[in-house]
**Student:** 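Sharing a structure, written as structure tokens. Questions coming.
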Amino acid sequence: MSSYDDDDPFEGALSLTQRAMQAMQGGPAPYLEGLNPAQRAAVEALDGPVLMLAGAGTGKTKALTTRIAHLIHSGRCRPNEILAVTFTNKAAREMKERVGRLLGGAIEGMPWLGTFHSVCVKLLRRHAELVGLKSNFTILDTDDQIRLLKQLILAANMDEKRWPARQLAGIIDGWKNRALTPERVKGAETAAFNNRGSELYAAYQDRLRALNAVDFGDLLLHMVTIFQTHADVLAQYQRWFRYILVDEYQDTNVAQYLWLRLLAQGHRNICCVGDDDQSIYGWRGAEVGNILRFEKDFPGAVVIRLEQNYRSTEHILAAASRLIATNEGRLGKTLWTEAKGGEKVRLIGHWDGEEEARWIGEEIEAIAAGRRPVGAVQLSDQAILVRASHQMRAFEDRFLTIGLPYRVIGGPRFYERLEIRDAMAYFRLAVSPEDDLAFERVINTPKRGLGEKAQARIQMMAREAGLSLFDAARRLVAAGEIGGKAGGQLRLFVENVARWNAEIRAASPATATSPAEDDDALIELDEGAVPPANDHSHIRLVERILEESGYVEMWQNDKTPEAPGRLENLKELVKALEQFENLQGFLEHVALIMDNDSAEGEDKVSIMTLHAAKGLEFPVVFLPGWEDGLFPSQRAMDETGQKGLEEERRLAYVGITRAEELCTISFAGNRRVYGQWQSQLPSRFIDELPAAHVEVLTPPGLYGGGFGAAGAFGGAGSGFGGGSRMEERASRADVYNSPGWKRLQSHGAPPPRPTTVTTVDHVAFGIGDRVFHKKFGYGEVMEIEGDTLVIEFDKAGAKHVKAGFVTAADAAGDVPF
DNA sequence: GTTTCGGTTACGGAC
DNA sequence: TAACCGAAAC
């Protein structure tokens, strides 16, 4: 065990321990103060299996991080002997920071705190050869995965249209989630994917191995395989990881479950934290059963419930609790709060989705202006949580129009963007020219005249000679077998890649191909992220790669409106490299990083899906689109029936419990679905809200104000408003019988419109009118040709625009509505 | 080899 | 509706 005592990789860890020891000599652990009894119990039950059932907003992370601090502080183990896994990088980061703060500022020193995937990557790099890989394997993302599968489907002579690669990817992911290797699948599920599923799965795994690559599912699957087939390796880690902690346990799939169970088998020092009511990832393989079964898996487990909520008002909590109570098979928790009073959950119906967006926009502005009885007035205190990402558009459109700053969380991610993936492929190729997938991606990007024919020749040469595509290309160039312009371009490409690679090797000879192998000492540097002491030569190299490859030039010459943004993103990518010591470290990091919460400081409204909102909280929350079919989602109900409906209900529960002070649920009577207008029914979940904790608002645009104000939802005595009857629930029937409701549904073919809002379609514009366009901004009408206007925009210049896309800008520069 | 066209599909999404 | 993809047109 001397290898880590005198080596420096653990320096952070040791200093953390030392600091903890010093703190201990100073008296009892200070961090234990401020915990409530349940939290304290969860922190102090250090040995043996513990299940922490932590309701929304009950201080789960506090308990978890304090527990880690306590493990270290009490001398039970060193930081590097704790395995702590989360699902997202964000959660891992937050945990690291908070543990560090508890123990006095150190954030390094916990090499095994990370996501399931990042921990598995580290382990798998160490034991790659046991599953036929080299330790420098690459990690494919979904995009690469699909392209690979497409090739295999075509190779199997199947019609890619009838049997799309996406679907096969889903099937294979499902198998991997359940820890099924191709051999295990063979017997069962032979009917999958036109009876070819298991065969294609096997072919895919072979192909991955040949490429020295893995997909995300493999990270877990391979480790489970290794643990199951190499008792010595498993035993080594069982000894090493003396304490195991798992966050969001309700979201674990079978593979993760097996992985954890194998590791915990010996000492059983495993603490799982979760909330069965917040299990919302069943559709991607999560098994609520894992958490429901914990006490059976680990007999004698201590079960601790965190039920005191510190986040929401009593109305919000009551609404959420009542709703979730409809689900069956819960472990059961009773959330309570000391907070009294506050606003009731608000409910409002709208004519259509656009009006809903308009109303929410106004409401957000009213709150930001302090015109609503909530303490929070920042835009960043407010969030809109939708069921499906396509719902975001109505809000984006509206907010662009009125100039309300917003931020979409979890949209298309930075590292998934086309230009970033292209650039990354160049970097991958420079680091390892034998990366065939990277080669394929950029060989003709920018266009080098190397089309299908030329690429087929490279492929053939590679297959015949057993070479990588790059080496095959090099050989073809050397032999002068590809002539003309293409030949010259290919030569240039090959020379470039070879040169870049040589420079990388010269810069860091040790890491270029074969990482040091020291299986005994489980020593790991913490990620590739290294602060200063960095000459930034790799930054200059990367800039040159982008220049010399012609990639930057390609976008500079591109006249499409996206091009400038893409160049901007490339700059950002180069900047991100500054955090890393070398290119290899960066590539490793990026493969597992999916969140991009850059520019968090700005004051903007957040828009995100309910899934993305888990773990977050906001003073003000809007929950639009509560309509049957949309939420609960028809697809979820079709796929898994009652089970799906219950998961949707948990999603609703997650949504409501994100709110601290004010929660507003809304629905629309009409909505466009796939371009078709449909009339909608309010969500059945609205029936399940407790009337006493809900206030029904009157929608705008309904003359007479009958809806809500005059007793919609039953008025006093039959639903909302009957404050004394906690158990009384709102009913959709109340909605239908209300005078306002009939006006919320359209009855004919024409696209519905809010009755009292004037649309601009038929507003006649004149030459010289000031107008507003949501993309181009303000401008002046120069010419009119039928319904097309020629507008000189202040910022964007002259454009031809259909009249329907602009609104009249009044003198104040404001927008109508 | 590249661009355009037309038919199809989409709307749960972390790593 | 719009975005995407493969096939036909250029």
Side-chain angles (χ1 to χ4, degrees), chain A residues 85-92 114-121 139-142 145-147 150 154 159-162 164-167 169-170 173 176-177 214-220 247-248 251-253 255-256 280-286 353 385-394 397 409-413 415-416 418 444 446-455 484-486 489 589-596 608-615 625 629-640 644 647-648 650-652 654-655 671-678 751:
Chain A
V85 281
T86 64
F87 276 86
T88 64
N89 287 298
K90 197 172 175 189
T115 63
F116 275 99
H117 290 87
S118 67
V119 169
C120 279
V121 171
I139 302 162
L140 306 190
D141 60 26
T142 321
Q145 191 186 4
I146 301 240
R147 282 193 317 181
K150 200 171 281 180
L154 289 174
D159 180 5
E160 208 269 325
K161 272 200 167 141
R162 276 190 60 194
R166 280 197 79 83
Q167 190 190 336
D173 279 346
K176 290 186 176 177
N177 285 339
V214 299
D215 63 22
F216 287 122
D218 281 337
L219 294 172
L220 257 300
D247 194 17
E248 307 278 17
D251 287 336
T252 50
N253 61 32
Q256 288 156 340
I280 55 176
Y281 285 108
W283 49 273
R284 68 175 195 216
L385 312 182
V386 297
R387 173 63 184 88
S389 50
H390 69 269
Q391 292 171 261
M392 294 178 183
R393 237 192 98 168
D397 282 357
I409 308 232
R413 287 150 218 291
Y415 290 108
E416 280 174 4
L418 175 81
N444 203 27
K447 302 276 186 282
R448 297 190 174 86
L450 295 163
E452 231 170 283
K453 239 172 42 193
Q455 288 188 43
K485 204 173 140 215
Q489 288 285 310
H589 178 72
V590 165
L592 293 171
I593 282 287
M594 296 303 278
D595 42 24
N596 58 323
M608 70 190 88
T609 63
L610 287 162
H611 283 95
K614 191 161 74 147
L630 182 57
F631 190 38
S633 134
Q634 194 57 53
R635 187 165 152 193
M637 293 188 291
D638 289 347
E639 279 171 11
T640 42
E647 182 155 312
E648 295 289 300
R650 292 193 289 268
L651 208 42
V654 166
R671 201 174 284 276
R672 207 164 18 196
V673 180
Y674 297 138
Q676 297 278 83
W677 282 101
Q678 262 185 14

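We name chains A, B, ... by the order of the sequence lines, and we start the count at 1 in each one. These numbers come from the heavy atoms of this one structure, side chains and all, not from hydrogens, waters or symmetry mates.
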**Student:** Toward the 5' end of DNA chain B, which comes first, F87(A) or E639(A), by nearest nucleotide?
**Tutor:**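 Whichever sits nearer the 5' end wins; that is E639(A).
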**Student:** Any side-chain N or O of T609(A) below 4.0 angstrom from OP1/OP2 of dG13(B)?
**Tutor:**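 Checking T609(A) against dG13(B): at least one side-chain N or O falls below 4.0 Å of OP1 or OP2.
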**Student:** Given atom CG of L450(A) and atom C1' of dT2(B), what is their separation to the nearest angstrom?
**Tutor:**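 Rounding to the nearest Å, CG of L450(A) and C1' of dT2(B) are 14 Å apart.
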**Student:** Students often mix this up, so state it plainly: with edges at 30° and 60°, are the rings of H611(A) and Y281(A) parallel, tilted or perpendicular?
**Tutor:**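 Answer is tilted, since the angle falls between 30° and 60°.
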**Student:** F216(A) has an atom CZ; how far is it from atom C1' of dG13(B), in whole Å?
**Tutor:**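 The distance from CZ of F216(A) to C1' of dG13(B) comes to 12 Å, rounded to the nearest Å.
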**Student:** Are any of K614(A)'s side-chain N or O atoms less than 4.0 Å away from OP1 or OP2 of dA14(B)?
**Tutor:**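 For dA14(B), OP1/OP2 do not have a side-chain N/O of K614(A) under 4.0 Å.
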**Student:** Nearest of dC15(B), dA2(C), dG12(B) to any side-chain atom of E648(A)?
**Tutor:**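 Selected nucleotide: dG12(B).
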**Student:** Nearest to the A388(A) side chain among dT2(B), dC15(B), dC11(B), which nucleotide is it?
**Tutor:**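 Given the options dT2(B), dC15(B), dC11(B), the side chain of A388(A) is closest to dC11(B).
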**Student:** What's the CE-P distance between M637(A) and dG12(B), to the nearest Å?
**Tutor:**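 Between P of dG12(B) and CE of M637(A): 14 Å.
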**Student:** Please measure how far the C1' atom in dA3(C) lies from the corresponding atom in dA14(B), and state the result in whole Å.
**Tutor:**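 Taking atom C1' in both dA3(C) and dA14(B), they lie 24 Å apart.
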**Student:** With the side chain of R393(A) defined as its heavy atoms from C-beta on, choose the nearest nucleotide among dG1(B), dG12(B), dA2(C).
**Tutor:**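 Closest nucleotide to the R393(A) side chain: dA2(C).
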**Student:** Quick one: which of dG12(B), dT2(B), dC15(B) gets closest to the side chain of R387(A)?
**Tutor:**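 So the nucleotide nearest the side chain must be dG12(B).
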**Student:** Is A636(A) touching bases, backbone alone, or none of the nucleic acid, heavy atoms closer than 4.0 Å?
**Tutor:**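 Contact class for A636(A): base.
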**Student:** If the condition is salt bridge (charged side-chain N to carboxylate O under 4.0 Å, His left out), which residues does R284(A) pass it with, not counting sequence neighbours?
**Tutor:**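 Counting only residues at least two positions away or on another chain, R284(A) forms no salt bridge (charged side-chain N to carboxylate O under 4.0 Å, His left out).
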**Student:** For L610(A) versus F631(A), what's the shortest heavy-atom pair and its separation?
**Tutor:**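 Answer, listing the atom of L610(A) first, then F631(A): CD1-CZ, 3.8 Å.
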**Student:** For G675(A) and G451(A), find the nucleotide of DNA chain B closest to each by heavy atoms; which residue's nucleotide sits nearer the 5' end?
**Tutor:**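 So the residue in question is G451(A).
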**Student:** Heavy atoms from C-beta onward define the side chain here; which of dG13(B), dC15(B), dT2(B) lies closest to that of R284(A)?
**Tutor:**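 Nearest listed nucleotide: dG13(B).
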**Student:** Roughly, in whole Å, what's the span from CZ in R635(A) to C1' in dA10(B)?
**Tutor:**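 Taking atom C1' of dA10(B) as the reference, CZ of R635(A) is at 9 Å.
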**Student:** Round to a whole Å and report the spacing from CG of N89(A) to C1' of dG13(B).
**Tutor:**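 Between C1' of dG13(B) and CG of N89(A): 15 Å.
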**Student:** Does S389(A) have a side-chain nitrogen or oxygen under 4.0 Å from the phosphate oxygens OP1 or OP2 of dG13(B)?
**Tutor:**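 Yes.
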**Student:** If you check every side-chain atom of N444(A), which of dG12(B), dC15(B), dT2(B) has the closest atom?
**Tutor:**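 Given the options dG12(B), dC15(B), dT2(B), the side chain of N444(A) is closest to dT2(B).
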**Student:** Could you give the CG-to-C1' distance, from L385(A) to dG13(B), as a whole number of Å?
**Tutor:**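 L385(A) atom CG is separated from dG13(B) atom C1' by 16 Å.
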**Student:** Return the set of residues passing side chain to side chain donor-acceptor pair (under 3.5 Å) with D173(A) (not counting sequence neighbours), or none when no residue passes.
**Tutor:**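 Only Q145(A) meet the side chain to side chain donor-acceptor pair (under 3.5 Å) criterion with D173(A).
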**Student:** Heavy atoms, side chains only, cut-off 4.5 Å: are V85(A) and T115(A) in contact?
**Tutor:**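 SC-SC contact between V85(A) and T115(A) ruled out.
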**Student:** Work out how far the P atom of dG13(B) is from that of dC4(C), and round it to whole angstrom.
**Tutor:**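 dG13(B) and dC4(C) have their P atoms separated by 16 Å.
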**Student:** Could you work out which one of dG6(C), dG12(B), dC11(B) sits closest to the side chain of H390(A)?
**Tutor:**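 Closest of the options to the side chain of H390(A): dC11(B).
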**Student:** R147(A) CZ to dC5(C) P: how many Å, rounded?
**Tutor:**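 From R147(A) CZ to dC5(C) P: 11 Å.
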**Student:** How many whole angstroms separate atom CZ of R671(A) from atom C1' of dC11(B)?
**Tutor:**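 After rounding, the gap between these two atoms is 12 Å.
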**Student:** For the CZ atom on R147(A), are there more than 12 heavy atoms of other groups (residues, nucleotides or ligands in this structure) within a distance under 6.0 Å?
**Tutor:**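 Count over threshold, so yes.
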**Student:** Mind checking K485(A) for me? I need base, sugar-phosphate or nothing, with any heavy atom below 4.0 Å counting as a touch.
**Tutor:**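 Nothing, no heavy atom under 4.0 Å.
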**Student:** Is there aromatic stacking of W283(A) against dG12(B), centre distance under 5.5 Å, plane angle under 30°?
**Tutor:**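 Stacking between W283(A) and dG12(B): present.
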